[in-house]
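Following: one structure in structure tokens, then a few remarks.
Letters A, B, ... mirror the listed sequences (proteins, then strands); counts begin at 1. Heavy-atom basis, side chains included; hydrogens, waters and symmetry copies ignored.
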Amino acid sequence: MHKSYDPNQFESRLYQWWESAGFFRAADTSSKPAFSIALPPPNVTGVLHNGHALGTTLQDVLVRWKRMKGYNTLWMPGTDHAGIATQMVVERELAKEKKSRHELGRKAFIETIWKWKEKHGAIIVQQMRKLGASPDWERERFTMDEGLSKAVREVFVRLYEENLIYRGLRLINWCHRCQTALSDLEVVPTDKKGHFYHIQYAPGIVIATTRPETLLGDTAVAVHPEDDRYTKMVGKKVKVPLVGRLIPVIADAYVDKEFGSGALKVTPGHDFNDYEIGVRHNLATISVFDTKGKVNENGGAYLGLSVAEAREKVVADLKDQGLLIKVEEHAHSVGVCQRCERVVEPMLSHQWFMKMKPFAEKAISAVKKGESLSLQDLEKRDDAIKILPETWHATYYHWMENIRDWCVSRQLWWGHQIPAWHCKKCAHITVSRSDVTQCGQCGSSEVEQDSDVLDTWFSSGLWPFSTLGWPEKTPALKTFYPTSVMETGFDILFFWVARMIMMGLHLNDGKVPFKRVYLHAMVRDEKGQKMSKTKGNVIDPLDIIRDYGADAFRFTLTAMAGQGRDIKLSLDRIEGYKTFCNKLWNASRYVLMRLGAVQDGDVSRVEAADFATVAGVTGGKPLTDWVQESFSKMHPVNRWILSRLQHTTIAVEKGLEEYRLNDAASEIYHFVWNDYCDWYIEFSKELLASHPERVAETQICLLHVLEQTLALAHPLIPFVTEEIYSYLPLRTGVKKGDALMLKTFPTAVAALIDETALRDIAVWQEAITALRAFRGENNIPPKARPAVTFEGNEVEKGIGFIRALAQLDSLTRETGALKKNPTTGQILAKHATFFVQLEGLVDFSGELKRLEKERSQIVADIEFVQQKLSKESFTAKAPPALVQKEREKLLGYQTQLENIDLTIKKTKALIK
RNA sequence: GGGAACAUAGCUCAGCUGGGAGAGCGGCGCCCUUACAAGGCGUAGGUCACAGGUUCGAUCCCUGUUGUUCCCACCA
């Protein structure tokens, strides 16, 4: 064992061992209870970013914990084909060679992407390995592999047959750059500066618009039905400027009288609200742009112009004709393509849609059910979901209640091609599970498969069950569905989580895809800004792992994963947790040294034969058993650390159970650093040195508590704990080559909590701290070893430990001599008073200052309590136990005040 | 326009059903005591954003204000 902690020495070695030994594998069938998580499949194009790192870590913590708890644990990994994103990446590659996908043709292009995927698709899953992730890699899936594609087709056909998927001519969002339809979610509202053009539309009608070019497709002018200014004009026809088309003036309550002139031009072909108006009033819908963003034949003189050019020319022409009244600056929000950030155009188009209302109703009720259940009750059912943090419930309901049909078709080549065949003869559409060669209606063989593919989220919406073999009733599906937890970022709550819930419920007889949803925060840079390549503030997780180790990174992410908050990632914090790993490492070296495992200054593994003490004392029993049997006979210090360990175990388990992983991290951190290292190891030095009869017992406790701590911490910091574990002595129940990751997770034992020991040691600690503070504040040289006496009965048993840890020469009961001596300093601890001969040690004026500060604190305390107690309202209305406690506190303070006044008097005398 | 979250020590954050505010880092002082200087010991630092209200008592519950962030919708 090296003298210092160096994660690069062992992380990859341990990972290879775990993976090749098959420790990550889950069993399709098992007598053990099941626990399963479906990994949110990262895009094949992706490289690991901090968001992935956070999700991967949190899931791995849960998975490793449950595995150690004895669950048949499945963490299902895989990647997503990510339609648009991947197609864009490969097209960009092609562009470098001055080629386009159209030159290649569909078949060759798809082959190119597959090749690209084979080459680059494994990058991100390799990177996850560096973090220590433990999914069952042998089950890894891809959304476009054979099984999953089959599932996608099955779902499409089934929903079509159930009339839940339909083809229709609707206004959809169209991206001119990506050349495809987009769902509502893929359109991102973005603030842009634009202009407000006021147009003399017709005599008496001025219309303000931000998009003058759309007037080419206007089919009405709308006013509010109760707008007196226009009542007379309703029903009349007006001419569209520049175009000359006659269109009606209609009345519709959608129009806001107060806004602008109160008149609205209606372009059903290129605006969603206008489209609705068009439907209500039976208006014609005229598309004036083609799929590439050029004005089409409906645009007359403007044919062939781009949207921007058309706007310029329309405005110029209006100006020429004197119809442009004014142009104002106008900031407004414009829908932009999520992928390429180009402004999207509402377009009338034939697309495939999925009806959402029936799905949404069930999806709402599953979460409603879950909301009223405790986490324990939730485990027992398969029809309810709880979202945590619960604040997301409202957002979820709101979205579900206002949901619109989902446009699932995309005009891309990379993805699941829609299993629908169009007949060239009769135009009938045949939807089928198997490839179609004959029209289902007229029998013609002139059929052609629909060229569209499905939205990526359609296939990922099936992920929790398609990866388990659905629609076949496989053993894995039976064992692991519903999955236990869905852990992902809140940014894909609607894109993905909501759709999995809808699909999962419908296609699995009302069984939810997962029982809990945990939404984690967004990882930002240390200033709270979103990390992005353009800002140059990206911290690469792989760099972090290289510089600080995967464990330090994992611990940081876990410790900062408080619910609902953004995580500001700072390297300082990661470095701090690297030192924590180092602390654990060195504490382990101490333990091993005290077990006799020292060779040339390096600690090596202790073989069973060398470890005579343990074997001799325990009689070959497992440590856990021996510790329980011997507990009542142990030294208070050993009982104390065992008690603290039980409390820590309870707290860690609670944190994991309630998904307060940051609490679990903090419990482990403080137990290791404060209880174990700062106190117990120091106490153990005294035990080993001065209590020969306690040596074996203490060695066992050092080892046992370390081992249990390693197990508790393993889900969070798997590498360093596993590495240390490999150095621990072999003994009953622990063979060479055993893995910590397969060990049983500690369970708190109530019989190992000794309240008396907890209290006693707290008294000693308080005394030691008081003595140390006295030394520090009086500048007593660190090397000085004063002789000290004490009064009080509670520290008696701890004399040796107090003497050692407070660095005293001796600590004996006060006989009266030192107390009377005028040069004696008094130290008031809570449960004892100490007397120190100060002559030659202390600067008395410094001591006086300290005492007076302490006195003013006591006086303030007295005033505070007195004030509280003087109010009759308090003594009458507050709980009697509380009032009693306050009275006792007051008495205690008053005694302290008397004591300190005496000491101050004495000290003052000394200075004179 | 509607909704949500957040505002606690110089910085980053805990504070889980109201009873005298905590951690890590940073600061300051002393110490290289053989597990660890990536360390030890001690210490300073906060009218818990602001204003009201409920209560014997509010960082915590309610209302409002200010500031930051996010989500939804998009009045052309």
Any N/O donor-acceptor pair, [X] side-chain to [N] base, under 3.5 Å:
X: A:Lys889; N: B:rG20; result: yes
X: A:Lys583; N: B:rC36; result: yes
X: A:Tyr590; N: B:rG39; result: no

Under 3.5 Å donor-acceptor, A:Thr875 side chain and A:Glu872 backbone: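 Yes: the side chain of A:Thr875 pairs with the backbone of A:Glu872.
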A:Phe196 CZ to A:Glu328 CD distance, which is reported to the nearest 0.5 Å: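 Reported to 0.5 Å precision, the distance equals 7.0 Å.
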Mate of B:rA9 where both pairing distances stay under 3.5 Å, Watson-Crick or G-U: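 No nucleotide pairs with B:rA9.
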Pairwise C1' distance, B:rG15 and B:rA58 [rounded to whole Å]: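 B:rA58 and B:rG15 have their C1' atoms separated by 15 Å.
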Residues A:Lys830 and A:Glu766 bridged, charged N to O under 4.0 Å: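 Salt bridge absent between A:Lys830 and A:Glu766.
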Salt-bridge contact A:Asp184-A:Arg404 (side-chain N to carboxylate O under 4.0 Å):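 A salt bridge is present here (some side-chain N lies under 4.0 Å from a carboxylate O).
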Touch class at under 4.0 angstrom, heavy-atom based, for A:Tyr893 against every strand present: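 If one applies the 4.0 Å heavy-atom cut-off, A:Tyr893 turns out to touch a base.
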Touch class at under 4.0 angstrom, heavy-atom based, for A:Glu682 against every strand present: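 The residue A:Glu682 makes base contact.
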Taking only nitrogen or oxygen atoms into account, show me every contact under 3.5 Å that the protein makes with nucleotides 21-24 of chain B, one pair per line with its distance.
| residue | atom | partner | partner atom | Å |
| --- | --- | --- | --- | --- |
| B:rA23 | O2' | A:His670 | NE2 | 3.2 |

RNA chain B contacts made by residues 265-276 of chain A, counting heavy atoms under 4.0 Å: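 Hits under 4.0 Å, by residue number: A:Asn273.
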